[in-house]
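See below for the structure under consideration.
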Amino acid sequence: MKCILGKKIEMSQIFDSEGKVVPVTLVQTGDCNIVQVKTKEKDGYTAIKIGFENLPERKVLKSGTPFRHLKEFRCEDISSYNKGDVISPAVFSEGDKVKVSGISKGKGFQGGVKRWGFHGRNATHGVKHEEREIGSTGCSTPCRVIKGKKMPGRTGSDRITVKNLEIVKVDAKNKVIAIKGAIPGRRGTLLEIRGE
């Protein structure tokens, strides 16, 4: 399984061979070190744990792992992975299909119209200062608000996975990957890139 960690730089655009504009998201990747290989016998499942972004020595904690980010990737076949191996952006090539996971932008406390796409009330017929109200929340039979009711609250900051994205360009020298389309998160968001 192909996998790597990276950080979102920004969205941009490039031109393909036919001269068409392709919207891309630039991701700053780097060499990811395999910190641990988990086996079925010892851990109950097979996975690899990789570290991204080296920490200065003064910031290394008691665990002794000198990386800012640690992530696990489940994989069936771990025979080709060993502790200490390095995964570079060169594992991907142009045209590869990937799925990208990251934390979406946080939008703070929002009302039902923005959070859930509620219709709101009419703009006429006695509606005053209530155009974006959510309306009735309860019902007569249980005489209470049902759990899970869509209501105003914190929006965003969710883990989002976008599948079937295409790698348009891999710059191995600068360790930048250009992925076609939009990817969740703000600039600097940690991203998990997996091959499909």
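Residue numbers count from 1 along this sequence.
With hydrophobic clusters built from ILVMFWY side chains whose heavy atoms lie under 4.5 angstrom apart, Phe67 does not share a cluster with Leu55. Val98 and Ile177 fall within the same hydrophobic cluster, where Ile, Leu, Val, Met, Phe, Trp and Tyr residues are linked whenever their side-chain heavy atoms come under 4.5 Å apart, directly or through other members. In the hydrophobic clustering of this structure, Ile160 groups with Leu190; members are Ile, Leu, Val, Met, Phe, Trp, Tyr whose side-chain heavy atoms approach within less than 4.5 Å, directly or through other members. Note on Phe92 and Val24: separate hydrophobic clusters, where clusters join Ile, Leu, Val, Met, Phe, Trp and Tyr whose side-chain heavy atoms are under 4.5 Å apart, directly or indirectly. Both Ile87 and Ile179 are assigned to one and the same hydrophobic cluster, defined by single-linkage of ILVMFWY side chains at heavy-atom distances under 4.5 Å.
Contact between Ala47 and Arg74 at its shortest, heavy atoms only, is CB-CA, 3.9 Å. Pairing each heavy atom of Arg115 with each of Met151, the nearest pair is NH1-O, 2.8 Å. Here the closest non-hydrogen pair linking Pro152 and Ile134 is CD-CD1, 3.8 Å. Looking at every heavy atom in both residues, Lys7 comes nearest to Phe52 through CG-CE2, 4.0 Å. Cys75 and Tyr81 make their closest contact through SG-CE1, 4.2 Å (heavy atoms, listed as atom of the first residue, atom of the second, distance). Of all heavy-atom pairs spanning Lys114 and Arg132, the tightest one is N-NH2, 4.1 Å.
Surrounding NZ of Lys163 are at most 12 heavy atoms belonging to other residues, nucleotides or ligands under 6.0 Å away. Surrounding NZ of Lys105 are at most 12 heavy atoms belonging to other residues, nucleotides or ligands under 6.0 Å away. Counting heavy atoms of neighbouring residues, nucleotides and ligands inside a 6.0 Å radius, atom NZ of Lys2 exceeds 12 of them.
For the side chain to side chain contact (heavy atoms under 4.5 Å, CB included) with Leu5, the lone residue among Ile193, Thr29, Ile50 that qualifies is Ile50. None of Val170, Ile9, Val27 except one satisfies the side chain to side chain contact (heavy atoms under 4.5 Å, CB included) rule with Val176; the exception is Ile9. For the side chain to side chain donor-acceptor pair (under 3.5 Å) with Tyr45, the qualifying choice from Glu76, Lys40, Lys38 is Lys38, the only one to do so.
Within the 3.5 Å criterion, the main-chain N or O of Asp158 finds a donor-acceptor partner in the side chain of Ser104. In this structure, Lys149 contributes its side chain and Thr137 its backbone to no donor-acceptor pair below 3.5 Å. No donor-acceptor distance shorter than 3.5 angstrom exists from the side chain of Ser88 to the backbone of Asp31, with no hydrogens or angles considered. When atom types are taken as modelled, the side chain of Glu166 and the backbone of Glu94 share no donor-acceptor pair closer than 3.5 angstrom. With Lys71 contributing its side chain and Glu192 its backbone, the two residues share no donor-acceptor pair below 3.5 Å. With hydrogens and angles disregarded, a donor-acceptor distance shorter than 3.5 Å links the side chain of Thr155 to the backbone of Gly153. Looking only at distances, no side-chain donor or acceptor of Glu10 sits under 3.5 Å from a matching main-chain atom of Leu26.
Atom CD1 in Ile34 sits 11.5 Å away from atom NZ in Lys83 (nearest 0.5 Å). Atoms CD and CG, on Gln28 and Asp171 in that order, are 9.0 Å from each other to the nearest 0.5 Å. Expressed to the nearest 0.5 Å, how far NZ of Lys99 lies from CD1 of Ile183 amounts to 14.5 Å. Distance CD/Gln110 to CZ/Arg154: 11.0 Å, rounded to 0.5 Å. Atom CG of Asn122 and atom CD of Glu131 lie 10.0 Å apart (nearest 0.5 Å). To the nearest 0.5 Å, atom CD of residue Gln36 and atom CG of residue Asn33 are 14.0 Å apart.
Residues Glu57 and Pro66 form no side-chain contact, since every pair of their non-hydrogen atoms from C-beta on lies 4.5 Å or further apart. With a 4.5 Å cut-off on side-chain heavy atoms, Phe15 and Val22 do not count as touching. Using a 4.5 Å cut-off on side-chain heavy atoms (C-beta onward), Thr189 and Pro184 make no contact.
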Item to check | Stepwise side chain to side chain contact (heavy atoms under 4.5 Å, CB included) test for Val100 and Thr25 | outcome: CA-CA 11 Å; Val100 181; Thr25 303; over 6 Å; no

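Using a cut-off of 4.0 Å between Lys/Arg side-chain N and Asp/Glu carboxylate O, Glu130 and Arg121 are scored as salt-bridged.
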